[in-house]
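In what follows, a single structure is set out as structure tokens and then discussed.
The model shown is predicted, which means the values in this text are computed figures rather than measured ones. Letters go in sequence order (proteins before strands), and every chain restarts at 1.
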Amino acid sequence: MSTYDRIYQIVRQIPPGRVATYGQIATLADLPGQARLVGYALYRVDLANSDVPWHRVINAKGCVSHSPQRRGTDYHQQALLEAEGIEFDESGKLNLKQYLWRSPPTSTSV
DNA sequence: AGACTGACGGTCT
DNA sequence: GAGACCGCCAGTC
């Protein structure tokens with residue numbers, strides 16, 4: 001169990017049709033302020049070899065983060081989100097207030 | 001063992 | 001409201 005694995009656990013809790021921000025996941029993973037680690041972790045996630053819905057994770061700007069390292073998977077991410085009913089505006093962004101995943105109050109126990 | 005890379009968030013101007 | 005700067009950790013070579 002590594003720090004990244006814990007991040008994957010949080011991401012796997014994101015329900016379909018909802019999205020979460022890196023910072024939010026970082027906080028849920030007990031890593032407040034370390035949104036970077038979340039992004040780094042997702043970068044290592046295997047696109048088709050993991051149960052982690054990495055595509056439901058976006059940045060605080062409410063849009064998919066693009067990078068040449070992703071080889072176009074960034075666009076694929078947006079496509080997957082649209083397939084779940086999420087709509088993007090002409091700016092490539094989405095309504096966080098509408099699609100942002102609200103973490104459960106008490107997942108495991110007290 | 002040291003250095004480089006890599007999907008961001010928050011705050012200030 | 002938008003743009004710029006700073007700080008973080010883990011894995012790999």
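One can place CZ of A/Arg44 at 15 Å from P of B/dT5, the figure rounded to the nearest angstrom. Per the geometry, CZ belonging to A/Arg6 stands 10 Å off P belonging to C/dA10, to the nearest Å. For the pair A/Asn59 CG and B/dG6 P, the interatomic distance rounds to 18 Å; values are reported in whole Å. One can place CG of A/Leu31 at 16 Å from P of B/dC8, the figure rounded to the nearest angstrom. C/dG11 atom C1' lies 15 Å from atom CG of A/Leu42, rounded to whole Å. Look at CD1 on A/Ile7: it is 18 Å from P on B/dG6, rounded to the nearest Å. Going from atom CG of A/Leu28 over to atom C1' of B/dC8 covers 16 Å, rounded to whole Å. Rounded to whole Å, atom C1' of C/dA10 lies 14 Å from atom OH of A/Tyr43.
Of the two residues contacting DNA chain C, namely A/Gly33 and A/Tyr4, the nearest-nucleotide position lying further toward the 5' end is that of A/Gly33.
Under the Watson-Crick and G-U wobble criteria, each requiring two contacts below 3.5 Å, nucleotide B/dA3 is paired to C/dT12.
With hydrogens and angles left out, the side chain of A/Arg36 and the base of C/dG7 share a donor-acceptor pair within 3.5 Å.
For the pair A/Thr3 and C/dA10, the criterion of a side-chain N or O lying under 4.0 Å from OP1 or OP2 is met.
Here C/dG11 is the nucleotide among C/dC9, B/dG9, C/dG11 with the atom lying nearest to any side-chain atom of A/Ser2.
Hydrophobic clustering (ILVMFWY, side-chain heavy atoms < 4.5 Å, transitive): A/Ile25 and A/Tyr8 are in one cluster.
Side-chain atoms of A/Asn95 never come within 3.5 Å of backbone atoms of A/Lys97 as a donor-acceptor pair (strictly under, hydrogens ignored).
Under a 4.0 Å N-O distance rule, the pair A/Glu84/A/Arg56 qualifies as a salt bridge.
Under the side chain to side chain contact (heavy atoms under 4.5 Å, CB included) rule, A/Val19 has a single partner from A/Leu96, A/Ile14, A/Val57, which is A/Leu96.
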